[in-house]
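I have placed the structure first, in the form of structure tokens, so that the comments after it can refer back to it.
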Amino acid sequence: MSTKRKADDINEGDATANAAAASADTSASKSNGNADDGNDDISNNKTSSEQPIVKNHAAMMQACAAGDLASVRALLLEASAAEDSSNCSSGKNEEGTTNETTTTATTNNSSSNLNQRHLLSAQQDPNSGLSPLMMASRHGHLEICKALLEAGAPWNAVDRYAKCAGDYATENSHWDVVNMLVEAGTQAELILGASIRLAKQLEESSKNNNNKDNGDQQKDATKDTTTQHLEHDQSGKSSESSSAIPVSHEPCTKPDYLNHTNVRYNAANTLLLDDDNDAVMMEWERPLMNAHANILTHDGTNKKRVLNIGFGLGIIDTALQSYEPSLHVIIEAHPTVYDKMVKDGWTTKENVRVMFGRWQDELPKLIEEGVEFDGIFYDTYGEHFTDLEDFHELMAKVLQKPDGIYSFFNGLAPDNLFFHGVACNCVKIQLSHLGLDSEFAQCEIQVKEEEWKGVRRKYWHGRDTYYLPIVTWKKD
């Protein structure tokens with residue numbers, strides 16, 4: 001396992017961010033049977049699947065492959081007309097009374113007539129999983145991609161080979177399409193994040209206005225909105241248990257992690273597992289943590305003031321201690337991990353201050369004290385992307401100006417490199433609004449299959465490049 005900083009950091013001016021580097025990685029990490037073999041797998045409405053196909057699906061797929069924008073628009077217009085006709089067939093008759101017969105028929109056919117334009121743009125082939133947007137992206141038809149997105153095609157749908165439209169555009173070097181899809185995905189995720197944040201605010205408001213505990217149902221509803229395909233689990237390391245769906249498709253958040261009672265270390269102290277046998281932290285991360293520590297201490301400068309959120313195996317804190325920081329604050333919220341820190345002597349080190357609790361509660365104390373840090377690192381477990389955003393708001397108040405450096409474990413959307421690029425772009429935009437610049441240094445990392453023995457779910461998927469965030473204050 002080796003890690004090194006490359007000189008050719010990701011170009012901040014390119015909207016693709018990490019996504020532009022996806023071609024080799026995504027090809028190498030997919031299973032046998034490549035959907036992108038040069039042949040367009042288009043169903044003629046006859047498949048072994050029972051899944052219904054919307055009208056004109058085959059014609060739409062063929063038009064997308066051929067780059068026939070006029071036909072694509074005509075098919076979408078026809079779908080809209082069919083929808084309008086369906087809507088008009090219900091309602092009032094000439095006398096102004098309800099036409100019960102027509103209304104009943106319309107209700108019975110609502111699944112086939114509801115938003116036909118949207119369904120046509122989004123329909124995936126039951127055999128290959130290819131969608132019109134994937135087909136148009138594969139062939140580099142930018143204007144068709146725009147038309148499909150406007151009609152409601154999801155930018156983040158994946159096919160049977162776990163590839164999305166952005167993957168196909170990247171693999172075929174259609175960079176104008178890649179950039180457009182990254183922008184579309186970023187806008188969608190920022191809107192989704194805002195809706196989740198609003199739901200949380202409404203939930204908190206409801207709790208504050210009611211003395212009885214009626215928030216559980218609202219919390220479940222809020223959590224459901226986080227299960228979009230682009231899972232913004234900040235750590236990329238966790239998942240809610242469920243027997244109804246594959247492990248890899250489970251949500252990547254664990255809001256109940258701090259209540260887990262069977263969090264444990266292995267005998268060699270190289271693995272930290274939660275109640276579900278998902279890894280909180282693993283030894284293979286050490287080279288990455290060493291690289292983070294070197295950057296946070298300004299290329300290994302001694303006597304810096306550093307803050308770390310999330311102790312885990314203590315890998316990065318051990319690395320930071322090697323640079324003899326003048327102040328080293330660690331915030332850890334899980335009781336089992338905190339007890340391990342006490343046992344290992346972290347609470348008695350002269351230059352270390354351990355704060356036991358959630359960063360949401362402890363970081364405001366540091367702000368009130370007026371403490372500033374030269375380097376700050378964030379590596380929590382099972383939190384949502386909106387938690388990371390909330391942390392950034394507070395982090396900016398304790399990061400020393402003008403030379404402070406911030407970083408975080410970059411496990412954003414780990415299952416798909418294109419989604420990872422969109423997530424990084426979202427972080428970049430949010431940090432920019434706080435007056436911070438972001439770059440992503442490429443680190444080489446190899447994780448052997450045997451590393452995952454005893455771990456229920458992987459949070460790293462065969463890629464050999466890790467994009468290490470380096471966040472600094474914008475220069476005036």
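Keep in mind it's a predicted model, so treat the numbers as computed, not measured. Hydrogens, waters and symmetry mates play no part in the numbers below; they use all other heavy atoms, side chains included.
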*Salt bridge check: are E368 and K365 linked by an N-O gap of less than 4.0 Å?*
no
_W346 and F311 aromatic ring geometry - parallel, tilted or perpendicular at 30°/60° bounds_ = perpendicular
*Check the angle between the aromatic planes of Y378 and W359 and answer parallel, tilted or perpendicular using the 30° and 60° thresholds.*
perpendicular
_Under a plain distance cut-off of 3.5 Å, with no hydrogens placed, do T472 and D437 share a side-chain donor-acceptor pair?_
no
_Which residues pass the ring-ring contact (aromatic ring centres under 6.0 Å, His included) test with H334, not counting sequence neighbours?_
Y257
*Could you check N262 against D275 for side-chain hydrogen bond (donor to acceptor under 3.5 Å, both in side chains), going step by step and ending with a plain yes or no?*
CA-CA 5 Å; N262 193 32; D275 285 7; 5.0 Å; no
*asked:* My understanding is that only residues two or more places apart in sequence, or in another chain, count here; which of them pass salt bridge (Lys or Arg N to Asp or Glu O under 4.0 Å) with E324?
replied: K303
*Using the test salt bridge (Lys or Arg N to Asp or Glu O under 4.0 Å), find all partners of D403 that sit at least two apart in sequence or belong to another chain.*
none
*Parallel, tilted or perpendicular for Y338 and F356, by the 30°/60° rule?*
parallel
*Identify, with sequence neighbours excluded, every residue that meets salt bridge (Lys or Arg N to Asp or Glu O under 4.0 Å) alongside R353.*
E369
*Check whether any side-chain heavy atom of N269 sits under 4.5 Å from a side-chain heavy atom of L313, and report yes or no.*
yes
*Kindly compute the distance separating CG (N259) from NZ (K254), expressed to the nearest 0.5 Å.*
12.5 Å
*Parallel under 30°, tilted from 30 to 60°, perpendicular over 60°: which one fits the rings of H141 and H139?*
parallel
*Is the backbone N or O of V158 less than 3.5 Å from a side-chain atom of N156, with the two atoms forming a donor-acceptor pair by type?*
no
*asked:* List the residues meeting salt bridge (Lys or Arg N to Asp or Glu O under 4.0 Å) with E450, not counting sequence neighbours, and say none if there are none.
replied: none
*Do H384 and T253 meet the criterion of a side-chain donor-acceptor pair at a distance under 3.5 Å?*
no
*Go through the structure and list residues passing side chain to side chain donor-acceptor pair (under 3.5 Å) with N351, not counting sequence neighbours.*
Q321
*asked:* Can you confirm whether E332 sits close enough to E362 that some side-chain heavy atom of one is under 4.5 Å from a side-chain heavy atom of the other?
replied: no
